[in-house]
Amino acid sequence: MQDAENNPVVNDPSGTPTGPEKLLRQPSKPNPVLFNEQGMRSGWRFLLFLVLVRFVVIPLVFKALRPFRHALGSHGGDFAEFLLMLGVWATTYIMARLERRSFFAYGLRDSLPLRHFLSGITTGFAALTLMLLALHLFHYFDFGPQHMRGLALWRATLANLLAFAAVALFEETAFRGYPLHTLTDGIGFWPAAVLISLLFAYVHTQNPGEAPMGIAAVFAFGMMLAFSLWRIGSLLWAIGFHFMWDFSETFIYGVPDSGFVSPEHLLTAKFSGPAWITGGTVGPEGSVFIFLVLAAVAIILHLAYPARTFRLMPPENRG
């Protein structure tokens, strides 16, 4: 046992212990691999979000729906999307609490939410409709006769409006919400946008009927929506565009959407011609002309919103 002579405690002029006692009282430094001066590094937060969604939220959703799969029938996927949306929101809320940020700090805070949402809806409908009109002009597309009428049409319209709203809210918050904002904190916006768009495209490879052109279009779709976030500063425009594009594609015109053809649709549209023009089983997103459409939408965004407004929200001061 060492005595004080061999292990002295020295005080500096302010009275603060130095020497061995200082080493004992000094708080341990955080692991620099996991933490920086702001807290947990953005890459680890991003991975934690993915782990929670992939290994907690998704298994729980499909386990919860398993007893009802026969009763839900063709609407099972719609309920799954709704529950996945709630799961992603819950995960975002948990991560927001850990980071001392608001749930709305990841793209859902907007001073003009209705205006941006309706602008996205209008642009989504116009972009798809003009593309189909151009294909119709050159005899590659026929809008076809009306498929549904009466009460069945109204019921299907309401069900599909709710379903595609859930899809848009789920996918935008799951990809360009917390994940994009968090990666931006570590590597910058555009490298993060590329990585998220690649992940967005990879997830769509699981869709039946997809093709390489369609996957490339999904990546371009993701980059265009990221550009809208960069210029507008919120996800409301992207949510509106995503919602109306899918709703118009699947329900109004009844064309394939990433390989999926819904039994409920307003018109019975038909394509005719080579797949590189029509999109084949993929639908409009598999056509080479989708890249021109997305480029035109990006130009419209550039002209309508000429300055960057995206910024990361700082942590809230909770004392």
Side-chain angles (χ1 to χ4, degrees), residues 27-62 81 83-110 166-206 218-219 221-239 242 308-319:
S28 60
K29 292 183 178 180
N31 187 331
V33 176
L34 297 176
F35 300 92
N36 57 21
E37 57 275 10
Q38 282 82 38
M40 184 181 288
R41 291 184 179 275
S42 62
W44 294 112
R45 287 184 274 129
F46 171 74
L47 287 176
L48 178 57
F49 178 88
L50 290 188
V51 167
L52 289 173
V53 171
R54 176 62 184 85
F55 296 104
V56 178
V57 170
I58 293 177
L60 283 177
V61 165
F62 285 100
E81 294 280 359
L83 293 179
L84 287 170
M85 177 194 76
L86 295 181
V88 166
W89 286 6
T91 307
T92 300
Y93 178 78
I94 292 170
M95 299 305 297
R97 296 291 295 179
L98 292 175
E99 297 179 13
R100 297 185 296 112
R101 288 184 169 92
S102 165
F103 169 81
F104 298 97
Y106 308 100
L108 296 177
R109 185 169 288 163
D110 195 323
V167 170
L169 286 165
F170 161 56
E171 293 194 353
E172 291 309 308
T173 52
F175 290 95
R176 282 162 286 276
Y178 181 86
L180 179 54
H181 285 71
T182 300
L183 279 183
T184 296
D185 192 27
I187 62 176
F189 183 87
W190 287 111
V194 170
L195 289 177
I196 291 297
S197 297
L198 286 171
L199 180 61
F200 186 54
Y202 170 75
V203 169
H204 281 74
T205 61
Q206 310 303 313
V218 172
F219 172 80
F221 196 93
M223 291 298 293
M224 184 274 293
L225 293 177
F227 181 60
S228 75
L229 174 62
W230 176 257
R231 287 299 180 86
I232 297 172
S234 86
L235 287 170
L236 273 296
W237 189 95
I239 291 170
H242 196 153
R308 166 196 172 181
T309 59
F310 173 86
R311 67 185 183 92
L312 293 175
M313 294 291 182
E316 296 177 343
N317 183 7
R318 297 179 183 170

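- Looking at every heavy atom in both residues, M95 comes nearest to Y106 through O-OH, 4.3 Å.
- Distance CD/E172 to CG/L108: 10.5 Å, rounded to 0.5 Å.
- Counting heavy atoms from C-beta outward, T184 and W190 have side chains that stay 4.5 Å or more apart.
- Put simply, the side chain of F46 reaches to within 4.5 Å of the side chain of I196, judged on heavy atoms.
- The environment of CH2 in W230 is crowded: more than 12 heavy-atom neighbours from other residues, nucleotides or ligands sit within 6.0 Å.
- Between I239 atom CD1 and L169 atom CG the span is 5.0 Å, to the nearest 0.5 Å.
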Point to revise | Audit row: R109, S234, side chain to side chain donor-acceptor pair (under 3.5 Å) steps and yes/no | key: CA-CA 6 Å; R109 185 169 288 163; S234 86; over 6 Å; no
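- A side chain to side chain contact (heavy atoms under 4.5 Å, CB included) with F189 is found for one member of L180, L183, V194 and no other, namely L180.
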Check your understanding: So V56 and T91, side-chain contact (heavy atoms from CB on, under 4.5 Å) or not? Walk me through it.
Key -> CA-CA 10 Å; V56 178; T91 307; over 6 Å; no
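- Aromatic rings from H204 and F219 are positioned such that their centres are separated by 6.0 Å or more.
- Scanning both residues, P179 and F49, for their nearest heavy atoms gives CG-CE2, 3.4 Å.
- Annotation: H181 is in aromatic contact with F310 [ring centroid separation under 6.0 Å].
- Ion pairing of R45 with D185 is present here, as a side-chain N (NZ or NE/NH1/NH2) and a carboxylate O approach within less than 4.0 Å.
- A pairwise comparison of heavy atoms in H242 and A168 identifies CB-CB, 4.1 Å as the closest pair.
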**Study point:** Evaluation steps, side-chain contact (heavy atoms from CB on, under 4.5 Å), between V203 and F175
**Key:** CA-CA 11 Å; V203 169; F175 290 95; 3.9 Å; yes
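- S42 approaches G186 most closely through the heavy-atom pair OG-CA, 3.1 Å.
- The CG atom of L229 sits 9.0 Å away from atom CZ of R176, with the distance rounded to the nearest 0.5 Å.
- Contact check for R308 versus I232: no side-chain heavy atoms found under the 4.5 Å cut-off.
- If you take CG on L98 and CG on L48, they are separated by 7.5 Å, rounding to the nearest 0.5 Å.
- Taking the six-membered ring where the residue is Trp, W89 and F103 present perpendicular rings, their angle passing 60° and hence far from 30°.
- A distance of 10.5 Å separates CG of L83 from CG of L60, quoted to the nearest 0.5 Å.
- At a threshold of 4.5 Å between non-hydrogen side-chain atoms, the residues L195 and I187 count as touching.
- Side-chain contact of R231 with T309: a donor-acceptor pair under 3.5 Å is absent, judged by distance alone.
- Note that the CG atom of L84 and the CZ atom of F170 stand 4.5 Å from one another [nearest 0.5 Å].
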